[in-house]
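Accompanying notes for the structure given below.
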Amino acid sequence: MQPKSDRDLAGMVPALLGWFDRSARTLPWRSARGVARDPYRVWLSEIMLQQTTVPHAAPYFEAFTRRWPTVEALAAAADEEVMQAWAGLGYYARARNLLKCAREVSARGGFPVTEKELLTLPGIGPYTAGAIAALAFGERTPAVDGNAERVFSRLLATQEDWAAAKRRIGHIARDLVPASRPGDFAEALMDLGAGVCTPKQPSCGLCPITEYCAAYAEGRPDRYPIKPAKTARPVRYGAAYVLRRKSDVWLIRRPPSGLLGGMLALPSSEWAETRTASDPPVEAGWTSVGEVRHVFTHFALHLDVMVAEARREQLPEGYWAPAEDLAGLPTVFAKAASLAGLNARQRR
DNA sequence: AACACGGGGGA
DNA sequence: TCCCCAGTGTT
């Protein structure tokens, strides 16, 4: 069987939309069928879902919309409140940009309605601009996320370099967006990628568009997309310090940019490529209570967790927080606090 | 074009 | 383990 030419793909649009009408997922940020989507909820959900799974983002979406029901309410929130509410969701630059964006939007009286203008806002890149324009404003723009890239890679059985394939997919997707239902087309592609055209063992038996799929025709859809091999992840070592004073713990706020930027944290040593001598923030009777391991995107961290009772030292910048409520710590420090016997937010 | 940037879940 | 996820911003 011959792979379909790009032109043949046009037929997949009505087939996909028909399938979507029958089996769309119900999600917290989706409006009822036929009801206009709220730009604020579309935007907030799209930011939260960047590189983040639906089950992980969903409770955060509920909490944010309950606490800040409008973009104006979010714009008026204090930075620390928002960073604390985002804790555990990861990629904290998203939270910093979320606030910047909310304040810009609030100041200009609402979200811009075109892909081009949306692209100028902080935290909104090519994918998110297209998604918001299509979902909230009905513009004929594509929303090519990781799901859509995988679906198209299989439809086309892309052989070229993955970067080149993604460029080609972007153009093809843009041409296919139906003028009548751009938002539904975007959600349909996402639902198909998430539930049917999955990375491993895709359920081609449930797929409404196998007729258009070159990878299916080849019999090995799981071989696509063809991506470059990942490089190994190095390990870094360091120590985190839990300084106690009665029922309090000493916390710091990390610098506004970089890893975990702007987040609440335990004081810690530099993170080196080899185990190095302990480097506590103050002199005290430090004892180790064990090690926590945490995996970041581009390195793994082994953190020795040190505990001590405070004496009367001059402390560096920071403040005392109640040990029974350490909500708002990023996961790596929540793990460390937990190991030290403190009640930090910890899933699992 | 390559890298920095979290965290969790599935196979 | 390894891979992936509704990616963006910086260099």
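Excluded from the calculations below are hydrogen atoms, water molecules and symmetry mates; all remaining heavy atoms, backbone and side chain alike, are included. Labels below follow one simple rule: chain letters A, B, ... track the order of the sequence lines, proteins then strands, and each chain is numbered from 1. Everything numeric in this text was worked out from a predicted model, so none of it was measured.
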Would you tell me if any nitrogen or oxygen in the side chain of [X] comes within less than 4.0 Å of OP1 or OP2 on [N]?
X: A:Y91; N: B:dA4; result: no
X: A:Q51; N: C:dG7; result: yes
X: A:R167; N: B:dA1; result: yes
X: A:R96; N: B:dC5; result: no
X: A:H56; N: B:dG9; result: no

Which nucleotide sits closest to the side chain of [X]: [options]?
X: A:N97; options: B:dG6, B:dG7, C:dG9; result: C:dG9
X: A:N147; options: C:dC4, C:dG7, C:dC5; result: C:dC5
X: A:T52; options: B:dG6, C:dA6, B:dA11; result: B:dG6
X: A:T297; options: B:dG8, B:dC5, C:dA6; result: B:dC5

Base, sugar-phosphate alone, or nothing: which one does [X] contact when heavy atoms must sit under 4.0 Å apart?
X: A:S45; value: nothing
X: A:L98; value: nothing
X: A:P126; value: sugar-phosphate
X: A:W86; value: nothing
X: A:G261; value: nothing

Determine, using ring centers only, whether A:Y237 and A:W271 are less than 6.0 Å apart. no
First of A:R233 and A:A163 reached from the 5' end of DNA chain B, by closest nucleotide: A:A163
Name the one of A:R253, A:R103, A:K100 that satisfies salt bridge (charged side-chain N to carboxylate O under 4.0 Å, His left out) with A:D79? A:R103
Starting at CZ of A:R150 and ending at P of B:dG10, how long is that distance when rounded to a whole Å? 15 Å
How many Å lie between NE2 on A:H298 and C1' on B:dA4, as a whole number? 5 Å
Ignoring hydrogens and angles, answer whether the base of B:dG9 and the side-chain atoms of A:T53 contain a donor-acceptor pair closer than 3.5 Å. no
